[in-house]
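Okay, structure first, notes after.
Please read all numbers here as calculations on a predicted model, not as lab measurements.
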Amino acid sequence: MVFTNADPDTFAEHRDRFVRRVLGHGRGRGARVPRRALEELLDFKYGEFNEGGDGLLARWQVDDVAALMLHWLPEGGRPAPRVAEVRAALDAWLRFLDDRGLLDRRSDPRAELLDAVDELAEPYRKAVADPAEHRVGAYLHRLMTELGYDVDDPDQVAEFEERTESGEIPLDDEILTAVAEGEAVGLKPLLAGPGRAGYSWQAPRLPSDSEREAAIEAAPAVARLRARSEGGLPEDPDEVWETAFAEVSGTVAAALDLDEESFADVFGLAPDEFAVAPLTALFIESAPLSVALLVETVAVLGERIGLGGTLDDVEQARFTTAVGLVLGELEKLGAVEQEPSGEDADPLDEPAYRLTPLGVAKAFDELTFEGYRIREFDELMAEDAEVLLERAATGKTFGEADLDAWIAARGPAAAVRELVAVARRTDDCTHRAAVRAVTAERAAEARPVYEELRDDPGFGAQARSWLFDAGFLKESDLRAGDLPWVMLDNVAALARLDLLDAEHLAEMPLRVGGASLFDLALSLRHPEARFLLTWFGEKHPDAGVRRAARTALHRLTGDGARRP
């Protein structure tokens with residue numbers, strides 16, 4: 001039920017399973033479930049990078065319903081479902097989750113969620129009937145909020161309208177036209193939904209007010225300003241720092257002899273956006289980056305190159321100079337620092353930069369202002385095991401570190417029990433592989449949990465294999481198929497994470513105990529059999545292996561077609 005990091009193909013595969021099961025569940029209750037509305041609902045909750053749901057399919061709150069009905073469905077490319085269909089699909093999904101004990105405890109009550117659908121029915125119909133007017137209204141709603149108006153206060157709404165009509169608050173006709181036509185302009189609407197980005201990035205530990213103030217006063221640029229000002233600067237450190245940060249863009253543009261318009265023409269970003277770009281890039285990547293990688297990232301943000309593209313020599317030099325100037329100013333402000341070189345580092349290597357706590361806080365503020373919903377560290381530590389596993393299963397360093405911190409906070413004995421419970425109920429092989437690896441590092445705490453599950457009908461093979469690998473069982477205690485089942489599961493996890501390159505495949509044995517890897521996938525009825533056979537049939541470098549995998553896949557699909 002957790003898809004914050006899952007790729008679209010993985011989600012699509014699981015969505016089809018969910019839809020079939022919910023339709024069957026509805027038939028069992030004598031209820032008709034509108035299939036297309038259910039598909040739209042699940043697509044919304046999976047979300048996109050920066051809009052829609054958060055990837056937590058079992059967690060529903062009233063804000064999700066608002067984002068679904070006042071942004072996602074009206075902006076869809078095909079005719080939007082009727083209100084009754086939306087309501088029936090949501091009701092069916094919530095009942096399905098609740099009846100199976102899968103509904104997230106953080107969800108709002110089902111009655112409140114369905115009431116929200118009813119309350120939004122009329123605005124939804126209007127949005128679907130006139131999407132252009134709805135987009136403009138959503139844009140003005142966001143603009144009012146950014147200007148500090150309370151959109152729920154009629155007097156403040158009237159004041160905003162008066163100021164726009166008089167021209168005191170200018171509204172650009174070209175921008176309004178672009179908004180009406182559905183082009184991406186400015187900040188996203190408030191009701192667009194958070195998207196998955198902020199849930200898959202690092203969960204920052206933000207400095208306290210006192211830590212932030214101390215870091216600001218220690219920044220070289222602020223210390224120099226204090227020394228020269230003779231008491232003329234504000235006492236508030238945040239105000240001083242923000243003033244100094246605002247000057248970075250002008251300093252860099254002046255050093256390049258560019259005004260604001262020509263700067264944007266050259267780099268694709270306004271000077272103030274360019275000054276922030278290295279901070280947000282370092283935050284999103286969550287790892288030190290070299291100047292070359294930062295240059296590439298900033299060029300992508302400015303749409304001067306696409307992902308994986310390259311700059312020509314002149315542009316490369318220009319961007320490298322500009323990014324270097326920004327990094328120099330950010331260092332003076334205490335927002336970035338150079339990563340210390342290791343003992344074996346080449347002295348000719350270019351430096352790598354990382355965020356300081358002050359830089360993390362600034363990047364967090366900037367991304368939050370842009371509409372990203374970023375989960376903070378303490379919030380992540382209160383999450384369930386599924387969320388931590390989904391992050392750790394991607395192999396990102398911060399995901400693994402966060403899972404270690406979560407385990408330490410709960411206590412290893414309690415944490416491994418929760419993790420093994422996830423491995424029992426998940427249908428994601430990457431999650432199962434992550435649990436096996438994490439519990440192997442905590443064998444003493446995990447052993448009694450796996451011992452309890454040695455004879456479990458659905459999990460016994462995994463439990464016995466884990467105990468054997470950890471040295472707690474003899475080979476004679478295993479049953480036929482135990483080790484091959486887990487081996488297949490691990491291979492599937494590596495394939496899904498794109499970790500099986502040509503070298504790994506060349507070294508991988510395709511026969512185990514005299515049996516073909518593909519025959520084992522069929523005979524053991526491994527849940528990843530179809531994926532594995534498809535993957536090997538398309539991607540293995542050996543034509544003979546590809547042919548054998550496709551033959552086995554044909555047998556699998558033929559058997560499936562014959563079974564009722």
Side-chain angles (χ1 to χ4, degrees), residues 1 3 5-21 24 42 46 389-390 393-395 423-437 457-466 469 478-564:
M1 295 295 155
F3 290 86
N5 288 285
D7 63 89
D9 289 342
T10 299
F11 169 72
E13 179 183 336
H14 285 79
R15 186 194 71 164
D16 291 343
R17 299 181 196 174
F18 293 145
V19 169
R20 291 195 299 270
R21 292 172 185 174
L42 293 175
Y46 171 60
L389 272 176
E390 170 75 352
T394 63
R424 290 183 67 196
R425 63 177 175 262
T426 186
D427 52 5
D428 191 318
C429 60
T430 65
H431 294 171
R432 291 191 290 264
V435 172
R436 285 192 287 269
F459 194 74
Q462 297 179 68
R464 292 187 295 271
S465 296
W466 186 94
D469 289 338
L478 296 173
R479 300 178 190 176
D482 284 356
L483 294 180
W485 196 101
V486 173
M487 180 200 67
L488 288 167
D489 210 47
N490 282 328
V491 172
L494 292 172
R496 286 195 179 276
L497 294 172
D498 285 331
L499 296 176
L500 286 180
D501 56 21
E503 183 178 350
H504 285 104
L505 290 171
E507 296 174 353
M508 180 182 294
L510 294 178
R511 301 193 72 81
V512 180
S516 158
L517 187 74
F518 307 143
D519 289 337
L520 282 172
L522 294 176
S523 64
L524 294 175
R525 295 188 180 277
H526 195 281
E528 293 286 1
R530 184 185 296 269
F531 165 75
L532 279 170
L533 296 175
T534 301
W535 194 93
F536 274 90
E538 294 174 353
K539 299 190 177 183
H540 199 282
D542 187 299
V545 173
R546 293 197 302 272
R547 186 165 51 252
R550 290 195 295 268
T551 299
L553 179 62
H554 180 72
R555 288 165 52 200
L556 174 67
T557 54
D559 288 346
R562 285 191 292 271
R563 284 197 298 269

**Study point:** Side-chain ion pair, Arg17 and Asp427, N-O less than 4.0 Å
**Key:** yes

Check your understanding: Quick one: are Leu522 and Leu533 in side-chain contact, heavy atoms under 4.5 Å?
Key -> yes

Review point. Does a side-chain heavy-atom distance below 4.5 Å link Phe518 with Val545?
Key: yes

Review point. Do His526 and Cys429 come within less than 4.5 Å of each other through their side chains, counting heavy atoms only?
Key: no

Point to revise | Pairwise distance OG1(Thr534) to CG(Leu556) - rounded to 0.5 angstrom | key: 8.5 Å

Review point. What heavy-atom pair brings Phe531 and Ala492 nearest, and what distance separates the two atoms?
Key: CE2-O, 3.7 Å

Practice item. Please step through side-chain contact (heavy atoms from CB on, under 4.5 Å) for the pair Asp542 and Leu505, ending with a clear verdict. Key: CA-CA 9 Å; Asp542 187 299; Leu505 290 171; over 6 Å; no

Check your understanding: Nearest 0.5 Å, what's the CZ-CG distance between Phe18 and Asp16?
Key -> 10.5 Å

Check your understanding: Is the side chain of Arg546 donor-acceptor paired with the backbone N or O of Pro541 at a distance under 3.5 Å, no angle test?
Key -> yes

**Study point:** Heavy-atom side-chain contact between Phe459 and Arg425 under 4.5 Å
**Key:** no

Review point. Is it true that a side-chain atom of His14 and a backbone atom of Thr10 form a donor plus acceptor pair closer than 3.5 Å?
Key: yes

Exercise for review: Can you see which heavy atom on Leu517 is nearest to which on Met487, and at what distance?
Suggested key: CD1-CE, 3.2 Å

**Study point:** Any donor-acceptor N or O pair under 3.5 Å, side chains Asp428, Thr430
**Key:** yes

Check your understanding: Is the closest side-chain heavy-atom distance between Asp519 and Arg555 below 4.5 Å?
Key -> yes

**Study point:** Expected output: side-chain Arg550 to main-chain Gly537 donor-acceptor under 3.5 Å
**Key:** yes

Check your understanding: Given side chains that start at C-beta, do those of Val486 and Arg432 come closer than 4.5 Å, heavy atoms only?
Key -> no

Point to revise | Lys/Arg-Asp/Glu bridge criterion (N-O < 4.0 Å) met for Arg496, Glu13 | key: yes

Review point. How far does CG of Leu510 sit from CG of Leu520, to the nearest 0.5 angstrom?
Key: 11.0 Å

Check your understanding: How close do Val491 and Leu500 get, heavy atom to heavy atom, and via which atoms?
Key -> O-CD1, 3.9 Å

Practice item. Kindly indicate whether the side chain of Phe11, heavy atoms from C-beta on, has any atom under 4.5 Å from the side chain of Leu42. Key: yes

**Study point:** side-chain contact (heavy atoms from CB on, under 4.5 Å) assessment of Arg15 paired with Phe3
**Key:** CA-CA 11 Å; Arg15 186 194 71 164; Phe3 290 86; over 6 Å; no

Check your understanding: Are Arg436 and Asp469 side-chain neighbours, meaning at least one heavy-atom pair lies under 4.5 Å?
Key -> no

Review point. Is there a donor-acceptor contact under 3.5 Å from the side chain of Glu528 to the main chain of Asn490?
Key: no

Check your understanding: Quick check: does any side chain N or O of Tyr46 sit under 3.5 Å from a backbone N or O of Ala12, one acting as donor and the other as acceptor?
Key -> no

